[in-house]
Amino acid sequence: MHDKTLTELAAGLRAGEFSSVELTRAYLERIEQFDTDLNCFISVARERALASAERADARIRDGSADALTGIPIAHKDIFCTSGLRTSCGSKMLDNFVAPYDATVVARLEAAGTVMLGKTNMDEFAMGSSNETSFYGVVRNPWDRTLVPGGSSGGSAAAVAARLCGAATGTDTGGSIRQPAALCGITGLKPTYGRVSRYGMIAFASSLDQGGPLTRSAADAALMLQAMAGFDPRDSTSAQQAVPDYSGQLDADLRGLKIGLPREYFESGLDAEVAASVQAAIAEYRHMGAEVVDISLPNSGLSVATYYVVAPAECSSNLSRFDGVRFGHRCEQPKNLEDLYKRSRSEGFGAEVKRRIMIGTYALSAGYYDAYYLKAQQIRQLISEDFRKAFGQVDVIMGPTSPTTAFAIGEKADDPVTMYLSDIYTIAANLAGLPGMSIPVRPVAGRPVGLQIIGNYFQEGKLLNVAHRLQRESDWHLAAPVGF
Amino acid sequence: MQWETVIGLEIHTQLATRSKIFSGASTAFGAEPNTQACAVDLGLPGVLPVLNREAVVMAVKFSAAIGAELARRSVFARKNYFYPDLPKGYQISQFELPIVGRGAVEILLEDGSRRTIGVTRAHLEEDAGKSLHEDFHGLSGIDLNRAGTPLLEIVSEPDMRSAREAVAYARKIHQIVRYTGISDGNMQEGSFRCDANVSIRRPGGELGTRAELKNINSFRFLERAINFEIERQIDVLESGGKVVQETRLYDPDKDETRSMRSKEEANDYRYFPDPDLLPLEIDEAFIAAAIADLPELPDVRRARFVTEYGLGEMDAAQLTASREMADYYEAVAKAAGDARLAATWVMGALAGALNRDGLDVTASPLSAQRLGGLLARIADNTISGKIAKQVFESMWAGEASADQIIDQQGLRQITDSGAIAGIVDQVLSDNAQQVESYRQAEPPKRAKMLGFFVGQVMKLSKGKANPAQVNELLKERLES
């Protein structure tokens, strides 16, 4: 049962092969069995999940069920859930229970999904390995000595280990796509504004975007269908109609123009990962797609630009965690300054502090023009590169990450090397474009992700392109040994 | 030594929207602490601001009222600093691209002269909450009801040269925001707050170092705070010291300003565009709709009062000080059929009675219709002005109309010349000696003496004899 895709699970529920309660129990048992070790979940909402599964079964019986009704999923612990702790992977919010649901949570709830719990993540989504979480590292189900990637590492590992039908994640610089690649699953970061950010704890507001982590592109289409759409509570959400994603999945790819940016295949890319990605692209050629060499000349500036913009925004976004109204407060503050300093020093981990300091510096008087403003200008250039590229091609392909999953602890003390693991994913966030990662041929038993970047609001096209490969191959169906 | 004062004002005016600038919570004043603060106002994790359209409409109205350049595209920015009553750790404001650009207002000084004061800009922003330091046994309380209340911060050019000009400018802005209905301007409740930047210099010289005066919540305090600060700076400079750039707090109890923080202690606000809010773009249709219901503005109305009603400039200014007063005056003038008489009474008896009872014109027990009815009886000679004062007091205290009181108390003026002649003759025969002195006096002295006879006639007629007729008849009899 747990090995089925969402489409299969939905069909099984509809056909009465199993109930949502049975399915929910099965996943809860698997979480109990495997998660002590994997550490994918920060909170498991057993009773709440079962109650919600019962309601879903009633809807299935009375015929009012939607496509996802009764499907057990998990939410990244960055999405606020009314009445259930939302920690954002931080000691700062270890005691925080929001009085409201994030729009993403509310929409998936309305669609009838069953929330199993909240998944582990890098603290405040700042990390690429899930090692910055206050709740400990998440282990990669393919090899427990490896990281799952991050920051949506708990969601990616949970989907890979079949601990839930699908999961939500957020992607600020690659936080859905990179862990999806490292865990051998499908991850989609939609166009900026496609999915509401309301109730999603902000890391870098102009880059953050929620999206699904699933077993297949067809599953991602179902999830995105429920998540996407304008939200009057998020001024940056797009007032654009949501197309029927599942309906476009099978469209023919003959004549599709795929752009391969030469900058994505230069030094720094693992040769075997490159070969695997090229093999997948060869499949697309067989399906009738045309492959075009393109250039994104400013790609080399992505990481530097990102590490000004994202920390600048986070330094401001994280100011509200001050020990005054909610979250961690130090014991016996002597005065206001002591309250601020100790609450924040104790509540935040090292990576979060590092980024707050970088961001504060970048926005300071006298440095703003040289850092923040310059970074915004480069951001424009990067968007312009993509605009030109999409004048020539329909989608852009390349590796999601330069290497396969690395060992826990391997890069933990070297932030710059860690930052480079998002070198291919960051540009899509800076430009606001949709990007996807799907599993292709593994290297030495470790998953490899193919990244597909589309033009604005072309999620349907991305899902279509991904799905056609998944029709012709079964890399996405492979489960880690023992799961 | 000669010093010239240079003053610029920053006025925070609370916009009269029903809900907050970025959330749906109510802006009503005086609720129990923290009952009008929603998740957005509390800055809970994950919440996002959504701009209140009405606040934008109000900024557009203000822009039109001062003839300012209205930015078709403006940008909200975050002003970052830590304070317990600032929930997000930043205030959403506008920095580089404010909605209202350069404009100007004209002030009319007491000597009748006019000056134009430049407005540099006005921008939309959210208010912070309030810290309460009493009653918490060594702790501080935070009330976030005010957090997120919409403000329009109006920044002037350093164009004012005295405390009086600064007050005249502040009153002018106050008048405009009240006329346009974008703020209730209530200073006690903090809906209209002034910060003053004050410096002194040699006339025509380089600008001096300024001090920013905060916490001024009345026009009277504004004048006193600036005057205190001017004296302080002159003392500092004339005793060989230097004025330091700092923020000073005005203490109305001690009537002095005190240093709050120096430039070195000032925050680096790390302004940057708020990524949660798209740039604000407004088009011509939005502007047209926003200014469609703008009322006649005070300067225009004042000029009209001069031409239409034949009033003097200062009288017209006084009567148009508030929209309510001007509306009241025009209604009185219409009902009375005599605009100048109406002006005299509204600025005299009515203003005096309102002031005595501490009432605003909107709470006047005497409606414009009733007052107009009284004045109409003066105009048509039914009663004299003096009797009218008496009727006015009765009307103020009760419900009756002027006509009812005049009839009940028998106050109708005596205009019958036969009746007046009888009284005049009576007075002349009762005062034969005075009549004799009058007739022997030099003509220039007679005018004064005539007053005695008029007074006697009025006394005898209980004030009801028509004074013009009395005068005429007395002269006729005495000169004959």
Side-chain angles (χ1 to χ4, degrees), chain A residues 78-80 86 88 90 92-93 96 98-103 124 193 196-202 204-208 231-237 309 312-313 315-327 336-337 339-340 344 359-368 372-373 376, chain B residues 21-24 34 37-53 75-92 95-96 129 131 133 138-144 147 263 266-281:
Chain A
I78 198 168
F79 290 101
C80 288
T86 301
C88 221
S90 181
M92 182 60 87
L93 291 180
F96 178 68
Y100 45 85
D101 279 331
T103 298
F124 283 100
S196 168
R197 293 187 296 115
Y198 187 85
M200 194 176 105
I201 298 177
S205 312
S206 75
L207 302 164
D208 295 343
D231 179 3
R233 288 188 295 184
D234 175 2
S235 309
T236 63
S237 77
V309 175
E313 292 183 11
S315 71
S316 174
N317 282 334
L318 271 60
S319 292
R320 69 187 63 197
F321 305 107
D322 57 7
V324 174
R325 283 148 293 120
F326 50 79
L336 183 60
E337 191 170 318
L339 168 74
Y340 284 153
R344 288 168 67 80
T360 303
Y361 180 80
L363 290 175
S364 297
Y367 298 97
Y368 180 87
Y372 186 77
L373 208 59
Q376 291 295 1
Chain B
I21 186 167
F22 298 118
S23 84
N34 299 310
C38 68
V40 174
D41 307 323
L42 293 173
L44 292 185
V47 299
L48 295 169
V50 177
L51 180 60
N52 183 335
R53 184 187 177 90
V75 171
F76 286 97
R78 293 184 183 178
K79 179 181 182 178
N80 294 283
Y81 65 97
F82 283 98
Y83 204 71
D85 60 23
L86 186 72
K88 297 186 294 295
Y90 57 84
Q91 177 195 28
I92 305 177
F95 185 55
E96 283 183 338
S131 295
H133 300 295
L139 299 173
S140 288
I142 308 290
D143 177 6
L144 294 175
K263 192 185 174 188
N267 286 304
D268 175 357
Y269 291 122
R270 292 173 283 120
Y271 280 102
F272 74 106
D274 190 338
D276 287 334
L277 291 159
L278 300 173
L280 171 60
E281 287 178 355

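Just so it is clear, the model here is predicted, and its values are computed rather than measured. All chains are named by letter (A, B, ...) in the order of the sequence lines, taking the proteins before the strands, and each is independently numbered beginning at 1.
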Tell me, side chain or backbone of [X] under 4.5 Å from chain B's heavy atoms, or both, or neither?
| X | value |
| --- | --- |
| A/F321 | side chain |
| A/A365 | both |
| A/F96 | side chain |
| A/S196 | neither |
| A/A362 | neither |
| A/Y198 | both |

Under 4.5 Å from any heavy atom of chain A, what part of B/D268 do you find: side chain, backbone, both or neither? side chain

Given a strict heavy-atom distance threshold of 4.5 Å, which part of B/Y271 is in contact with chain A: side chain, backbone, both, or neither? backbone

Under 4.5 Å, counting heavy-atom pairs only, tell me which of B/G24, B/S140, B/G43 racks up the most with chain A. B/G43

One option among B/S23, B/P49, B/P84, B/G89 has the most heavy-atom pairs under 4.5 Å with chain A, and it is B/P84

Check whether any side-chain heavy atom of [X] lies under 4.5 Å from a side-chain heavy atom of [Y], and answer yes or no.
| X | Y | answer |
| --- | --- | --- |
| B/L44 | A/P99 | yes |
| B/N80 | B/F272 | yes |
| A/R320 | B/V47 | yes |
| B/L51 | B/F22 | yes |

Residue selection (most heavy-atom pairs with chain B, distance under 4.5 Å) from A/M200, A/R233, A/Q376, A/R325: A/R325

Note: vs chain B, highest number of non-hydrogen pairs under 4.5 angstrom among A/A102, A/G199, A/S315, A/S316 is A/S316

When rounded to the nearest 0.5 angstrom, what is the spacing between CG in B/L42 and CG in B/N34? 7.0 Å

So how far is it from B/L139 CG to B/H133 NE2, rounded to the nearest 0.5 Å? 12.0 Å

Does CD in A/E337 sit with more than 12 non-hydrogen atoms of other residues, nucleotides or ligands closer than 6.0 Å? no

With under 30° as parallel and over 60° as perpendicular, where do the rings of A/Y340 and B/F82 fit, or are they tilted in between? tilted

